[in-house]
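Structure, as structure tokens:
Note that these values count all heavy atoms, side chains included, but never hydrogens, waters or copies made by symmetry.
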Number of protein chains: 2
Amino acid sequence: MRRKEGNKEADILKAATEVFAREGFHLAKISQIAEKAGLSVGTVYLYFENKDHLLQRIFESLWEGLLDHSQKLVETPNLNALEKIDGIVDIVFDTFAENPSLGAVFQKEMHHVSNLKHTPFRTYFEQFISIGEKILAEGREQSLFHPETNLHVAVSFIFGGLRFSVHQWTLHPEAESLVIFRSGIKKIIRNGLSV
Amino acid sequence: MRRKEGNKEADILKAATEVFAREGFHLAKISQIAEKAGLSVGTVYLYFENKDHLLQRIFESLWEGLLDHSQKLVETPNLNALEKIDGIVDIVFDTFAENPSLGAVFQKEMHHVSNLKHTPFRTYFEQFISIGEKILAEGREQSLFHPETNLHVAVSFIFGGLRFSVHQWTLHPEAESLVIFRSGIKKIIRNGLSV
DNA sequence: ATTATAAATGAATTCAAATTCATTTATAGA
DNA sequence: TCTATAAATGAATTTGAATTCATTTATAAT
């Protein structure tokens, strides 16, 4: 009996991420993905039920990575809330610096994925947000943060800002170094604009 | 000869905005838009060349409104940079509070629109960003802002955070009042999280 | 070397929705 | 009242890509 050569599932996911990043999910063609992965259209369907599932899988592993790292971070002792916020920024930047296409897909398609039936993506997002809120609440208790900061509002703002600016960086990585982008964002979250 | 009744062009744009907001551009059906606007599919094509143009028109007037107001704001004398930042937040919130569906479309479809051929949307976005950078540069000169803040990074972050959080508010307007959301965001931009 | 079978292929099929256009409807002007 | 013509309609057409599946290919087992 014939055996599988290489890791086609991984090849397909990688190709799909790149094509979705460039074209956007809805304009991406399975034929483009197949070509980029170096196999035929039919083979894509041997490994994935359909186009939606491809996107779901990408988000599943993305969210699991983000949540895993973030969960570990919040549980780390001897880190104050400010350091934890920096840690979250690092997790997000590390994730997408390593794989810029993923940043584009995350920015462009999160809403679509959340609306797919039978997916727990709203939950993943909510978990992430709730980790953020936990950190901010901690910082408030430690009197590191302004006591009147509305947690929910702050977390939304930071999530949106972080996701968008990481994506911008992946689009123009030459404009500012990753180091500058990353530290710039940490400063704004900590100190805002005012002197 | 027969004359046009009402303002069908406006009805179609309004309906399209609502349907695009709920379904996302690519899953939205012209038939849904026609039904919501109270006219037939063919009539949509009497007023708009195709589906893409419908989205383009929505963004065109949205951007023009945002840029118009922002332009006026930066030119207002006797406002310091911090007040101008607050003004931008107000402009964005006013725009979308008045028409929440527009906020969803802006969040979900900006990237798609930017990639449409023959559109100046990259330019609109760049103009908006450059207004932001101008304000931040001003604040730096007035010694209101941290001198080491990277303008480009800060503006990206703020744009993304603002757009996302306004959209979140439109999704769950009951969770926090508009007033709380708006002032919370102003505080974070000004002062960050730290005491 | 032959066989059985899993893996892979890609042309053919299916499907859904965008777009068109022949037909109908309403009204301004004669 | 009767055109002439613009406006509106929606069934029919077109389009384009997702998905299928009959066929081919490779290899493990005998």
Side-chain angles (χ1 to χ4, degrees), chain A residues 1-59 105 108-109 111-113 115-119, chain B residues 1-59 105 108-109 111-113 115-119:
Chain A
M1 115 175 96
R2 192 171 179 179
R3 77 186 148 82
K4 296 183 182 179
E5 274 301 325
N7 187 345
K8 297 213 172 57
E9 182 171 317
D11 295 345
I12 293 168
L13 283 173
K14 182 166 182 293
T17 303
E18 286 163 19
V19 176
F20 290 162
R22 197 183 56 238
E23 309 286 334
F25 176 75
H26 291 283
L27 296 182
K29 320 276 180 286
I30 298 291
S31 58
Q32 294 174 300
I33 294 170
E35 184 174 27
K36 180 162 285 228
L39 35 75
S40 72
V41 166
T43 302
V44 173
Y45 285 88
L46 246 37
Y47 289 83
F48 297 92
E49 193 170 337
N50 56 39
K51 200 179 166 188
D52 279 346
H53 277 62
L54 222 34
L55 187 65
Q56 282 185 238
R57 279 292 204 62
I58 290 168
F59 268 80
V105 178
K108 291 180 179 175
E109 309 302 344
H111 288 289
H112 175 58
V113 177
N115 291 330
L116 292 176
K117 293 304 163 209
H118 313 302
T119 58
Chain B
M1 114 173 96
R2 190 173 181 179
R3 78 185 146 83
K4 296 184 183 181
E5 273 302 326
N7 187 344
K8 297 214 173 53
E9 182 170 319
D11 294 346
I12 293 168
L13 283 174
K14 183 166 180 295
T17 303
E18 285 162 20
V19 176
F20 291 162
R22 198 183 55 238
E23 309 286 334
F25 176 75
H26 292 282
L27 297 182
K29 322 275 180 285
I30 299 290
S31 58
Q32 295 174 299
I33 295 169
E35 185 174 24
K36 180 161 287 229
L39 34 74
S40 73
V41 166
T43 302
V44 172
Y45 286 89
L46 245 39
Y47 288 83
F48 297 92
E49 191 170 337
N50 57 37
K51 198 178 165 189
D52 279 346
H53 277 61
L54 220 34
L55 187 64
Q56 280 184 240
R57 279 291 205 63
I58 291 169
F59 268 80
V105 178
K108 292 180 178 175
E109 309 302 343
H111 287 289
H112 175 56
V113 177
N115 292 329
L116 293 176
K117 294 303 164 209
H118 314 303
T119 59

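Counting to the nearest Å, the C1' atom of dA28(D) and the NZ atom of Lys4(A) are 16 Å from each other. In this structure, Glu23(B) places its CD atom 15 Å from C1' of dA16(C), rounding to the nearest Å.
No close placement of the His112(B) and His26(A) rings is indicated, their centers lying 6.0 Å or farther apart.
Phe20(A) does not carry Lys108(A) over the face of its six-membered ring by the limits of under 6.0 Å from the centre and within 45° of the normal. Cation-pi geometry between Lys51(A) and Phe25(A) is met: the NZ or CZ atom falls under 6.0 Å from the ring centre, inside 45° of the normal.
Annotation: the span from Thr17(B) atom OG1 to Arg57(B) atom CZ amounts to 12.0 Å, rounded to 0.5 Å. Taking CG of Leu13(B) as the start and CD1 of Ile33(B) as the end, the distance is 9.5 Å to the nearest 0.5 Å. We find the CG-NE2 distance between Leu116(B) and His53(B) to be 9.0 Å, quoted to the nearest 0.5 Å. In this structure, Thr43(A) OG1 and Asp11(A) CG are separated by 11.0 Å, a value rounded to the nearest 0.5 Å. With values rounded to the nearest 0.5 angstrom, Glu9(B) atom CD is found 10.0 Å from Leu54(B) atom CG.
The stretch residues 7-14 of chain B comes close to DNA chain D through Lys8(B), each having a heavy atom under 4.0 Å from the strand. Residues of residues 25-53 of chain A having a heavy atom closer than 4.0 Å to DNA chain C, listed by number: Leu39(A), Ser40(A), Gly42(A), Thr43(A), Leu46(A), Tyr47(A).
Side-chain contact between Glu109(B) and His111(A): absent, with no pair of heavy atoms (C-beta onward) separated by less than 4.5 Å.
Using a 4.0 Å cut-off between a side-chain N of Lys or Arg and a carboxylate O of Asp or Glu, Glu18(A) and Arg22(A) do not qualify as a salt bridge.
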Output a table of nitrogen or oxygen pairs between the protein and nucleotides 1-5 of chain C separated by less than 3.5 Å.
none

